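Heads up, the thing below is written out as structure tokens.
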Amino acid sequence: MAEAGTGFLEQLKSCIVWSWTYLWTLWFFIMLFLVYILRVPLKINDNLTTVSMFLNTLTPKFYVALTGTSSLISGLILIFEWWYFRKYGTSFIEQVSVSHLRPLLGGVDNSAPSAASAANGDADSSRQSVSECKVWRNPLNLFRGAEYNRYTWVTGREPLTYYDMNLSAQDHQTFFTCDTDHLRPADAIMQKAWRERNPQARISAAHEALELNELHVFVQLLLHANFSCFFLWYFCRCATAYILLAEEEATTIVEAEKLFKQALKAGEGCYRRSQQLQHHGAQYEAQHRRDTNVLVYIKRRLAMCARKLGRTREAVKMMRDLMKEFPLLSMFNIHENLLEALLELQAYADVQAVLAKYDDISLPKSATICYTAALLKARAVSDKFSPEAASRRGLSTAEMNAVEAIHRAVEFNPHVPKYLLEMKSLILPPEHILKRGDSEAIAYAFFHLQHWKRVEGALNLLHCTWEGTFRMIPYPLEKGHLFYPYPICTETADRELLPSFHEVSVYPKKELPFFILFTAGLCSFTAMLALLTHQFPELMGVFAKAFLSTLFAPLNFVMEKVESILPSSLWHQLTRI
């Protein structure tokens, strides 16, 4: 009974809303009819005559001022609408209309999901959308001192945004600190250093931590007079201080590598010590987790130093050993560093083996995974591929597989092809990326463009086929084709991650709202009327009178027909009411 009563109330409410949606037209015609009937008592004809006489006495300067003011106001509205659209991606007038006026008029937002649909899986889709917009640490991020700062010295531009560096500071505090740092003076200093905004203050704090650590070692040696104790304390030096100096103070990769090797000695000693004590309590376990993160980070950066210095095989070995030693630490995405190094060695069979492990439906995708898979399949056919021959004979099975792989990669991140085809200029990649966004495309193309150029015909195949992806994706993107729908939050996040001098690539392109086009047309039209009225006042007056007479001609014709059909006695009685 309760469900039946609820259903009846919903139907009644919908009927009322429907009636008020369409009854306003009836009320409008009734009001027009009443105004026409009461035109004599209300002296509407006399008032119209007075108004027309007043308008005839106005000079052309008044009309110039009127149209000019209208053009100015509509222009200001246009500027505000355009600014609001560029900043928030929507029209201010449209947003106010939808959020405030539509409920008053009885409108229903059809895009709002119902409770039943939410229960059937919309919650999972929303969670997936949130995860798609998560900002990730760039596995191939550059060194601040040796690369980012050198770019600033040469160009005078800052390649990193405050938002990006703030995320890095949060990562460092998460990976390199723990609750027991306050018990060790050097680690306590580094805990404050990771929160410091000024680079010079961070570097000074790292040096202070190292000096304090050496003093602590000397004191322990004097107190214990035991060389085994000295050995233990020596190799438990502050590894995070060396990490900070290698990242920010070293001006070359060679200097950074030397500092990371010192950090490795200290990190290994701390790791072995905490590994023995990890089961003695929660604090020791947290410290061991921190020491593990520090050791993995150091080894990964050492492998990247070897890769940048041309020792690629050594870098590959270090990455493989690291992945075997710590298989559960997938947050660093070391396999993407390994893929790039293997492509440099042109070890395509090893690349395929890595992809077979990580290009799995249950694992999160990335541009590196998708585009590397596309590159391997394109490599098998690209050297002999010709668009003219393919249009005549059709695509072979291998060519079809390569094209499908390219379409899959482009659907995942549609920004990458413009950078690979050099249709858009590259910048230094940020320290954090947004998957499926412009920041990820820059990070991928910055390191992998050379690998695509090395494969003969691969870029030609990409150029001929990548735009065909957009014919396969539903529009307006209610659902994805091979992946989830493209998230709508990428543009905002990319603008925060990428420097202001870079033009952010946006997909899908947002159409201009109706009210921006309307105000632009209104501003242009009124400005043209103001100019014409100022230059040709008499001719515009004749044109305005002809326009108004033409506009009211149908209404006069209808009124004459109504007066001729209805008896005059009826009109006389109605006007006396």
Side-chain angles (χ1 to χ4, degrees), residues 137-139 141 143-145 167-196 202-203 205-210 212-214 216-217 231-250 255-280 282-306 315 318-319 321-334 337 431:
R137 181 82 177 175
N138 182 7
N141 64 308
F143 294 85
R144 283 196 189 178
L167 290 176
S168 297
Q170 295 176 18
D171 292 340
H172 295 152
Q173 293 175 58
T174 302
F175 295 148
F176 302 151
T177 62
C178 64
D179 296 336
T180 61
D181 283 347
H182 66 279
L183 301 176
R184 298 174 297 278
D187 288 336
I189 293 175
M190 289 307 302
Q191 194 174 37
K192 295 179 181 178
W194 293 123
R195 294 195 294 265
E196 182 63 50
R202 288 197 298 271
I203 293 173
H207 284 293
E208 182 183 354
L210 290 177
L212 185 61
N213 188 266
E214 290 177 1
H216 197 182
V217 170
F231 180 81
L232 178 63
W233 280 102
Y234 177 78
F235 283 104
C236 284
R237 288 176 298 172
C238 190
T240 54
Y242 286 113
I243 290 176
L244 193 148
L245 294 177
E247 290 285 353
E248 302 194 19
E249 188 182 40
E255 294 178 10
E257 186 180 33
K258 291 179 180 179
L259 288 169
F260 272 120
K261 287 181 178 179
Q262 290 181 282
L264 179 62
K265 294 179 181 178
E268 286 178 337
C270 293
Y271 175 75
R272 285 195 295 267
R273 181 167 179 264
S274 62
Q275 189 178 29
Q276 297 172 358
L277 303 175
Q278 63 176 318
H279 302 296
H280 291 189
Q283 290 185 345
Y284 291 103
E285 184 179 355
Q287 186 175 344
H288 176 66
R289 186 163 54 249
R290 190 277 306 268
D291 292 338
T292 303
N293 291 335
V294 170
L295 184 61
V296 172
Y297 184 88
I298 293 171
K299 289 187 175 182
R300 172 175 161 270
R301 292 305 259 177
L302 277 173
M304 294 178 67
C305 288
M318 294 172 67
M319 293 174 192
D321 293 341
L322 186 58
M323 293 170 65
K324 291 178 181 178
E325 187 177 1
F326 302 97
L328 299 179
L329 287 181
S330 60
M331 55 186 169
F332 292 107
N333 291 326
I334 305 172
N337 299 85
E431 292 184 338

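Treat the numbers as computed from the prediction; the structure is a model and nothing was measured. Numbering of residues begins at 1 and proceeds along the displayed sequence.
Not counting sequence neighbours, the partners of E208 by the side chain to side chain contact (heavy atoms under 4.5 Å, CB included) test are I189. Partners of E431 by salt bridge (charged side-chain N to carboxylate O under 4.0 Å, His left out), not counting sequence neighbours, listed by chain and number: R144. For the salt bridge (charged side-chain N to carboxylate O under 4.0 Å, His left out) test, residues two or more places apart in sequence or in another chain that qualify with R301 are E247. Partners of Q170 by side-chain hydrogen bond (donor to acceptor under 3.5 Å, both in side chains), not counting sequence neighbours: none found. Scanning for side chain to side chain contact (heavy atoms under 4.5 Å, CB included) contacts around A241 gives M190, A206, A209, L210, C238, with sequence neighbours left out. Scored by the side chain to side chain contact (heavy atoms under 4.5 Å, CB included) test, D171 finds R137, F175, H432 as partners (sequence neighbours excluded). Taking E196 as the reference, N198, A201, R202 meet the side chain to side chain contact (heavy atoms under 4.5 Å, CB included) condition, with sequence neighbours excluded. With sequence neighbours left out, H172 forms a ring pair (Phe, Tyr, Trp, His ring centres under 6.0 Å) with F176, W194. Annotation: salt bridge (charged side-chain N to carboxylate O under 4.0 Å, His left out) contacts of E257 (sequence neighbours excluded): R311. Listed by chain and residue number, nothing satisfies the salt bridge (charged side-chain N to carboxylate O under 4.0 Å, His left out) test with D291 (two or more places apart in sequence, or in another chain). Partners of N337 by side-chain hydrogen bond (donor to acceptor under 3.5 Å, both in side chains), not counting sequence neighbours: none found.
Residues E268 and K299 form a side-chain contact, since some pair of their non-hydrogen atoms from C-beta on lies under 4.5 Å apart. When side chains are defined from C-beta on, L295 counts as touching F326, because their heavy atoms get closer than 4.5 Å.
In plain terms, the two heavy atoms of P139 and R300 that are nearest each other are O-NH2, 2.5 Å. The two residues V296 and L322 come nearest to each other via the heavy atoms O-CD2, 3.8 Å. Of all heavy-atom pairs spanning L212 and P185, the tightest one is CD2-CB, 3.2 Å.
Separation of atoms CG (L259) and CG (L264) is listed at 12.5 Å; rounding is to 0.5 Å.
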